[in-house]
Amino acid sequence: MLRAYVIAFLAFLYAPILLLPVFAFNDGTVIAFPLDGFTTRWFAELRTNAELHAALLNSLWVAALASVLSVLLGLAAARANVRYRFPGKAAAMGLVMLPLVLPEIIVATSLLVVAVRLLGLDLSLWTVVAAHVLICTPFAIAILNASFQALDPAMEEAAVDLGCTRPETFRLITLPLVMPGIVAALLISFTISLDEFIIAFFLTGSDPTLPVYIWSLLRFPRLIPVVMALGTILVIVSILILTLAEWNRRRGLARAGVKDTGGFL
């Protein structure tokens, strides 16, 4: 019974994604069966769409900056969480991880009010970067927590005993050992930021990110196959990035000699 439920759940979850390449190569503009024939012209249109290229560059810039900032903040938070004891640590970490469970529509609305009404900021890619840092940092912390927990504190203590300063120990010993976790956190944060729509929809200005631009294309039925082609490429890229992130996570655990319990979170 459980096996049947899992199969049905996975089919319901992934069947729409599996249909993306089917209609991306369909010659017709109507998303329906039977198919009209095989074509690659929808992918060719992606190469000549200047607005799409601009939106893609915006998303790549936002994702790169947000992922780097998220990992820097996550690195500091995860080390403090694993290595130190201080009053209110559990409450502080709970507040930091809160965006994981809050509905994105609530987060987006709150950030819009804070940015526009309280701070008087103009909506731009910078507001999107700040919001993506907020939602990506908890994922980075979750991954880096595991990396620091797998790191034996005796190795850092031995480096200090042998004459290394604390900054040298962190740079020469700690960072190389947790680097697989850092790379995994970067890739996961990059993927989350690249694919995120709701917050970007609320906070973007005149320069849309790629998901917001895709949303604008849905108003034109003729361009829906182009969206399918673009979605196919994004799914493939996301799978490759997540596979690389998981490989880095497992490599880090293997180097630390820790048993893999599976999954980032």
Side-chain angles (χ1 to χ4, degrees), residues 13-14 16-17 20 46 51-74 77 95-116 119 121-144 182-219 226-246 263-265:
L13 187 63
Y14 291 109
I17 298 177
L20 276 177
L46 296 177
E51 292 180 352
L52 170 64
H53 298 164
L56 176 60
L57 290 177
N58 289 339
S59 278
L60 291 176
W61 182 82
V62 168
L65 189 55
S67 59
V68 170
L69 294 175
S70 299
V71 169
L72 290 176
L73 293 173
L95 289 175
V96 171
M97 304 299 285
L98 194 59
L100 286 176
V101 296
L102 285 176
E104 281 198 9
I105 186 69
I106 302 299
V107 176
T109 305
S110 302
L111 290 175
L112 179 63
V113 172
V114 170
V116 176
L119 300 180
L121 300 176
D122 294 328
L123 296 181
S124 65
L125 293 179
W126 287 105
T127 54
V128 179
V129 168
H132 283 188
V133 170
L134 177 68
I135 63 172
C136 290
T137 299
F139 290 93
I141 293 174
I143 297 170
L144 292 168
I182 293 175
V183 174
L186 275 171
L187 293 173
I188 290 295
S189 299
F190 184 88
T191 304
I192 292 171
S193 177
L194 187 66
D195 295 339
E196 200 281 323
F197 167 71
I198 297 177
I199 292 177
F201 180 76
F202 274 76
L203 296 179
T204 191
S206 58
D207 300 316
T209 60
L210 188 59
V212 176
Y213 177 74
I214 292 174
W215 169 258
S216 70
L217 291 182
L218 296 178
R219 296 176 296 173
V226 178
V227 176
M228 294 291 183
L230 182 58
T232 300
I233 295 175
L234 289 177
V235 168
I236 293 173
V237 170
S238 297
I239 290 174
L240 291 176
I241 292 177
L242 291 174
T243 301
L244 182 60
E246 176 67 7
F264 286 109
L265 302 179

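- For Ser193, the side-chain hydrogen bond (donor to acceptor under 3.5 Å, both in side chains) partners are His132, not counting sequence neighbours.
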Side-chain donor-acceptor pairs of residues 205-218 under 3.5 Å, sequence neighbours excluded:
from   : atom 1 : to     : atom 2 : distance (Å)
Tyr213 : OH     : Asn49  : OD1    : 3.2
Tyr213 : OH     : Asn49  : ND2    : 3.1
Ser216 : OG     : Tyr213 : O      : 2.5

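- Taking all atoms of both residues into account, the shortest heavy-atom contact from Leu203 to Ala131 is CD1-CB, 3.4 Å.
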Do Leu123 and Leu112 pass the side chain to side chain contact (heavy atoms under 4.5 Å, CB included) test, and can you show the C-alpha distance, the side-chain angles, and the key distance before you say yes or no?
CA-CA 9 Å; Leu123 296 181; Leu112 179 63; 3.9 Å; yes
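- Heavy atoms only, all atoms of each residue included: Phe201 and Thr204 are closest at O-CG2, 4.1 Å.
- Shown here for Thr137 and Val133, the closest heavy-atom pair between the two residues is OG1-O, 2.6 Å.
- A distance of 11.0 Å separates SG in Cys136 from CG in Leu73, rounded to the nearest 0.5 Å.
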Quiz: residues 99-107 side-chain donor-acceptor pairs under 3.5 angstrom, not counting sequence neighbours:
none

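- In this structure, Ala66 and Val129 approach most closely via the heavy-atom pair CB-O, 4.2 Å.
- Rounded to the nearest 0.5 Å, atoms CG (Leu52) and CG (Leu57) are 9.5 Å apart.
- Counting only distance, with no hydrogens or angles, the side chain of Ser67 and the backbone of Ala63 share a donor-acceptor pair below 3.5 Å.
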Can you check side chain to side chain contact (heavy atoms under 4.5 Å, CB included) on Leu194 and Leu60, steps first, answer last?
CA-CA 7 Å; Leu194 187 66; Leu60 291 176; 4.2 Å; yes
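- Atoms CZ and CG, from Phe139 and Leu144 in turn, are 13.5 Å apart once rounded to the nearest 0.5 Å.
- Going from atom CD1 of Ile141 over to atom OG of Ser189 covers 10.0 Å, rounded to the nearest 0.5 Å.
- Thr191 OG1 to Leu186 CG: the interatomic distance, rounded to the nearest 0.5 Å, is 10.5 Å.
- Counted within 6.0 Å of CH2 on Trp61, heavy atoms from surrounding residues, nucleotides or ligands total more than 12; the atom is thus considered enclosed.
- With rounding to the nearest 0.5 angstrom, the CD1 atom of Ile199 is 9.5 Å from the OG1 atom of Thr109.
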